[in-house]
Amino acid sequence: MTQKILVLPGDGIGPEITAQASRILAACQARGLDVEIEEGLLGGGAYDAHGEPLPAETLEKARAARGILLGAVGGPKWDTIEDLAKRPEKGLLGLRKELGLFGNLRPAITYPQLAEASSLKRELVAGLDIMIVRELTGGIYFGQPRGIEERDGQRVGFNTYVYSESEIERIGRVAFELAQKRGRKLCSVDKANVLEATILWREVMERLAPEYPDVELSHMYVDNAAMQLVREPKQFDVVVTGNMFGDILSDAAAMLTGSIGMLPSASLNESGQGMYEPCHGSAPDIAGQNVANPLATILSVAMMLRYSLDAPALAAQIEEAVGKVLDEGLRTADIASEGTRTVSTSEMGDAVLAAFEAL
Ligand code: IPM
Ligand code: MG
């Protein structure tokens, strides 16, 4: 059956990097991947065209798609929109919420070729392979009540950190199951010494643990987890945490690998429908210059093939092609180091495509 894929280039460097990833996707089609590809608007560009960061038409296309490939949204041009609900980021958050994409997988893998590009010493990061599982549709990002209001003559801003048992359980199961397929170690990150919502989080993780006897479950407070990630990152296998802690820790983990420009991500719902996007943002400072790193987006296509389209062999070929190109010494500016050749976004796309086609 032909499956639908929706490409949402978004803002900033989004169109440049998704253009390269789309070429790889087309090459997969040529190899027999049975998909139909559409494009749509999301974020600032959608706001400019329709006055909404998530137009109804995009949402409709997204619902019909098995996989969504997203570039990035946002930029200074839209930072002054007064109504927060119209900001580009709300387009992204709305799509996550509307499609129920609660399970966010953010792998942090240090390619051996890039260990020098990390800000940490080579021996700390070489061979690193962590999977951060971030809850994506709950927690403080969506909790009610929220707002800014006048109280006793001054303005007060407030948000609500809330998780139900069922929300914790379903993300917990995703993490335990992934741990079973990997190194069988799961670290649940919380702030159970202070926050009730995460006391419950810890309790639910403990309750699930006996169902996964082959997985070793541990707990860590988020402040310590941040420290341990930069002190001895290889102690982690799978990390599971809530929306906000996962947002922060996944950026830190990204830098361990040399560049946030390398990290793909998957956001899945219960039916395996998924949105795939690089972990980095829209990088407006380098947009339109053909210098951004397209590899995280290309690797996001690989994740889509693996998690939503049941095409693990093609996924592995894309990953192999990326490895080959790095072996050849090609680097975009963000991952360049001594002795490598700096290439543009499109040259990187050319090289990965050639390596893929040669496999
Ligand atoms: C991310 C981003 C988003 C988030 C922003 C753009 C809303 O930082 O995907 O990590 O905070 O979830
Ligand atoms: Mg983030």
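When a residue number appears, it is its place in the shown sequence, counting from 1. Whatever order the structure lists ligands and atoms in, that order sets their numbers, starting from 1. Computed over heavy atoms, backbone and side chain alike; hydrogens, waters and symmetry mates excluded.
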Aromatic Phe245 / basic Lys191 pairing, under 6.0 angstrom, 45° off normal:
no
Please check if any side-chain donor atom of Asn104 sits under 3.5 Å from a side-chain acceptor atom of Glu135, or the reverse.
no
Give me the number of protein N, O or S atoms whose distance to the Mg ion (ligand 2) is under 2.8 Å.
1
Strictly distance-based, threshold 3.5 Å: is any side-chain N or O of Asn243 a donor or acceptor partner for the main-chain N or O of Gly246?
no
Write out each pair where an N or O from ligand 1 and one from the protein are under 3.5 Å apart, with the distance.
unit_1   : atom_1 : unit_2 : atom_2 : d
ligand 1 : 8 (O)  : Asp247 : OD1    : 3.2
ligand 1 : 9 (O)  : Arg96  : NH2    : 2.7
ligand 1 : 9 (O)  : Arg106 : NH2    : 2.8
ligand 1 : 10 (O) : Arg106 : NH1    : 3.0
ligand 1 : 10 (O) : Arg106 : NH2    : 3.1
ligand 1 : 10 (O) : Arg134 : NH1    : 3.2
ligand 1 : 10 (O) : Asp247 : OD1    : 2.8
ligand 1 : 11 (O) : Tyr141 : OH     : 2.5
ligand 1 : 11 (O) : Asp247 : OD1    : 3.4
ligand 1 : 12 (O) : Arg96  : NH1    : 2.7
ligand 1 : 12 (O) : Arg134 : NH1    : 3.3
ligand 1 : 12 (O) : Arg134 : NH2    : 2.8

Using modelled atom types and a 3.5 Å cut-off, is there a donor and acceptor pairing between side-chain atoms of Glu98 and backbone atoms of Leu95?
no
Answer with yes or no after comparing the ring centroid distance for Tyr47 and Trp78 against a 6.0 Å cut-off, counting only values under it.
no
Measure the shortest side-chain to side-chain distance between Pro145 and Phe158 over non-hydrogen atoms and say whether it is less than 4.5 angstrom.
yes
Does anything in residues 79-91 form a side chain to side chain donor-acceptor pair (under 3.5 Å)? List the pairs, not counting sequence neighbours.
Glu52-Lys86
Return yes if some donor-acceptor pair links the side-chain N/O of Ser282 with the main-chain N/O of Ala72 below 3.5 Å, else return no.
no
For Arg182, check side-chain contact (heavy atoms from CB on, under 4.5 Å) against everything at least two apart and list the hits.
Asp129, Met131, Asp237, Val238
